[in-house]
Amino acid sequence: MAYNRLPSSGHNSPSPPASPLRSPTRLRHGGRSKPGRFTPGTPASRTLAHRLTGLLLSVLLRRQGIFLFAPLLYISGMLFYMGTVSFDVVPVIKHRPSPGSVYRSPQLYAKLRPEMDSDNSSTDAISTIWKHPKGGEWRPCINKSSGGLPESNGYIYVEANGGLNQQRASICNAVAVAGYLNATLVIPNFHYHSIWRDPSKFTEIYDQDFFVGSLKNEVRIVNSIPEYIMERFDHNMSNVYNFRIKAWSPIQYYVDTVLPKLLEEKIIRISPFANRLSFDAPPAVQRLRCLANYEALRFSAPILTMGETLVARMKDRSANSSGKYVSVHLRFEEDMVAFSCCVFDGGVKEKQDMDAAREKGWKGKFTKPGRVIRPGAIRINGKCPLTPLEVGLMLRGMGFNRSTSIYLASGEIYDAERNMAPLLEMFPLLQTKEMLASSEELAQFKNYSSRMAAIDYTVCLHSEVFVTTQGGNFPHFMLGHRRYLYGGHSQTIRPDKRKLALLFDNPNIGWRSFRRHMLSMRAHSDSKGTELKRPNDSIYSFPCPDCMCRANKSEDSRSLSAT
């Protein structure tokens, strides 16, 4: 029977035992107490302090006041005990710094290197890495219009901001908007950005004639606005009505808000125009994006020629692996390191460099009152850029050995001589565009960050393996473009940077355990190589199924009809 916890007069719950009755005769007549109980009578060898303590406890126990004076007794006992202990030597407990607060990768590299260099447990990963063969399940599948275009509703002029690939998104989105609104698109104008500092025009980065010709049945594209229209605005584009459109606006917003103004003015301006169109769009919009990104945008002849030359040279240097090479997009430039607010092992000089770079690039953004920066938390959350040393450790753990050919795509590495040394030790066949080409060959691109990035893009696009180490628009577009070329599989390693941060911070990990984690990470990238686009995913990273069809499965093919 269950006990009732509520008090009652019944017999459903047990009652506590009654308190023992006091026996005054024991004290009066010196009765013998029970064993273990303190009594005033003690051997002569006991100290006065012991006798007083025993007397006090005896009185309290007999008077049932122990619960009232228990805290006082405890404190008294501790003070008595501490008086008998010597504190000449005080032990010091050392606490290990919180995870991520210290950059430990150099120490880990020193520990793992001997066993890493002697590890011959498997063949080089580049020959066996992908389970999904090229040209597998998916193929490009974009319907193209063949008929003429109706009369234009007016001109759309956009100003694309950002770096190379952010501008690329602007171009493709502008094509989609202009085509959907039956407007004429003016060749996009590129903003000059304080970070990239590249004044290049559209025609200096892309093949403009090819771009216009590829889309001639889809969207009217012109190089300039007719004089008779610009006369109404005193030939000044700043006088043209400018739409300030929210990021990720749906195409219906353009129909409801932009189109009426376009019909009224016959020209509108949209500035800035980065990420101003939602990825969740109807098939007609997605088809135009696919055509623009994967078919119409081709680099200008000088960039394309230089890129293809470097691809050929990388393949020649990769003869031991049948011409296959690994490309790595490394973001460890000074501005990236500064913006991340992560701390590495550069000491006082690194701090001075980073403080100066933050102030130069972001004018007080990081020194606002009340702002707290926690580098350790940033690292553990996977937000720190991987260092060249960490990239090398990761790739060696994934099975790529010293004979692997590596192409490094990057800007100017911060403190390159010191930071690049361990990566070159692990991969002596590593190359960059500056190492593959002469200074004379690169002279026409050298001071233009977007053109240099376009060369890197070309060499990475044709590698057997692409490794991304930091988010951004470069890997964002590379993922999708490689899927489009290689049967739907990106053949890209995307590391789990949170897991890497914990592994690099573990001084006790051994080479076998580290290698097991890296192989698991590599396998995860392989399994994620073929993914279908979800509604809010970028079509520039996930071209399946909007831009591609299943090969040999016509019943599952999804081809966007021309509109």
Less than 4.5 Å apart, side chain to side chain, heavy atoms only: is that true for [X] and [Y]?
X: Gln470; Y: Leu386; answer: no
X: Leu479; Y: Arg494; answer: yes
X: Ile493; Y: Met398; answer: yes
X: Leu436; Y: Lys433; answer: no
X: Tyr155; Y: Val240; answer: no
X: Cys547; Y: Tyr294; answer: yes
X: Tyr254; Y: Ile270; answer: yes
X: Phe477; Y: Ser538; answer: no

For a quick test of reading the model, state the closest non-hydrogen atom pair linking [X] to [Y] and the distance between them.
X: Ser463; Y: Tyr325; answer: CB-CE1, 3.3 Å
X: Met548; Y: Arg483; answer: CE-O, 3.4 Å
X: Asp546; Y: Ile539; answer: CB-CD1, 3.7 Å
X: Ser278; Y: Ala281; answer: O-CB, 4.0 Å
X: Val326; Y: Phe400; answer: CG2-CE2, 3.8 Å
X: Arg244; Y: Pro272; answer: NH1-CD, 3.2 Å

Go through the structure and list residues passing ring-ring contact (aromatic ring centres under 6.0 Å, His included) with [X], not counting sequence neighbours.
X: Phe243; result: Tyr241
X: Tyr206; result: Phe202, Phe299
X: Phe332; result: Phe344
X: Tyr253; result: none

### Query
Where does the angle between the aromatic ring planes of Tyr457 and Phe474 fall among parallel (under 30°), tilted (30 to 60°) and perpendicular (over 60°)?
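Judged by the thresholds at 30° and 60°, the geometry between Tyr457 and Phe474 is perpendicular.
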### Query
Aromatic rings Phe279 and His476: how do their planes relate, parallel, tilted or perpendicular, breaks at 30° and 60°?
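It falls in the tilted class, 30° to 60°.
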### Task
May I ask you to check if the distance between the SG atoms of Cys549 and Cys141 is under 2.5 Å?
yes
More than 12 heavy atoms from other groups under 6.0 Å of [atom1] on [X]:
X: Glu412; atom1: CD; result: no
X: Lys499; atom1: NZ; result: yes
X: Lys216; atom1: NZ; result: no
X: Lys266; atom1: NZ; result: yes
X: Arg232; atom1: CZ; result: yes

Donor-acceptor contact present, side-chain [X] to main-chain [Y], <3.5 Å:
X: Glu333; Y: Gly411; value: yes
X: Ser318; Y: Ser321; value: no
X: Asn236; Y: Ser238; value: yes
X: Arg298; Y: Phe210; value: no
X: Ser405; Y: Leu430; value: no
X: Arg331; Y: Met336; value: no
X: Asp198; Y: Ser449; value: yes
X: Asp124; Y: Asn401; value: yes
X: Glu137; Y: Arg550; value: no
X: Arg313; Y: Val311; value: no

### side-chain contact (heavy atoms from CB on, under 4.5 Å) between Thr432 and Ser410, worked out
CA-CA 8 Å; Thr432 64; Ser410 72; 5.7 Å; no
### Message
Looking only at the side chains, is there a donor atom on one of Tyr414 and Asp353 sitting less than 3.5 Å from an acceptor on the other?
### Response
yes
### Residues His489 and Asp526: side-chain donor-acceptor under 3.5 angstrom
yes
Test of understanding: with side-chain contact (heavy atoms from CB on, under 4.5 Å), list the residues that count as partners of [X], not counting sequence neighbours.
X: Asn447; answer: none
X: Asn217; answer: Ser145
X: Phe445; answer: Pro302, Ile303, Met306, Leu442, Arg451, Met452, Ile455
X: Ser224; answer: none

Could you list the donor-acceptor pairs under 3.5 angstrom formed between side-chain atoms of residues 177-191 and any protein atom two or more places apart in sequence or on another chain?
residue, atom, partner, partner atom, Å
Asn182, ND2, Glu151, O, 2.8
Thr184, OG1, Ser152, OG, 2.8
His191, NE2, Glu159, OE1, 2.8

To the nearest 0.5 angstrom, please state how far the [atom1] atom of [X] sits from the [atom2] atom of [Y].
X: Ser271; Y: Asn161; atom1: OG; atom2: CG; value: 7.5 Å
X: Leu330; Y: Thr468; atom1: CG; atom2: OG1; value: 10.0 Å
X: Leu291; Y: Leu297; atom1: CG; atom2: CG; value: 11.0 Å
X: Gln444; Y: Glu204; atom1: CD; atom2: CD; value: 10.5 Å

#### Entry: Partners passing disulfide (SG to SG under 2.5 Å) against Cys384 (at least two apart in sequence or in another chain)
Cys342
### Task
Quick one: list whatever passes salt bridge (charged side-chain N to carboxylate O under 4.0 Å, His left out) with Asp280, sequence neighbours left out.
none
### Task
Go through the structure and list residues passing salt bridge (charged side-chain N to carboxylate O under 4.0 Å, His left out) with Arg168, not counting sequence neighbours.
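With neighbours one apart ignored, the set is empty.
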### Task
Apply side-chain contact (heavy atoms from CB on, under 4.5 Å) to Met314 and His462, showing your working.
CA-CA 10 Å; Met314 279 302 303; His462 296 287; over 6 Å; no
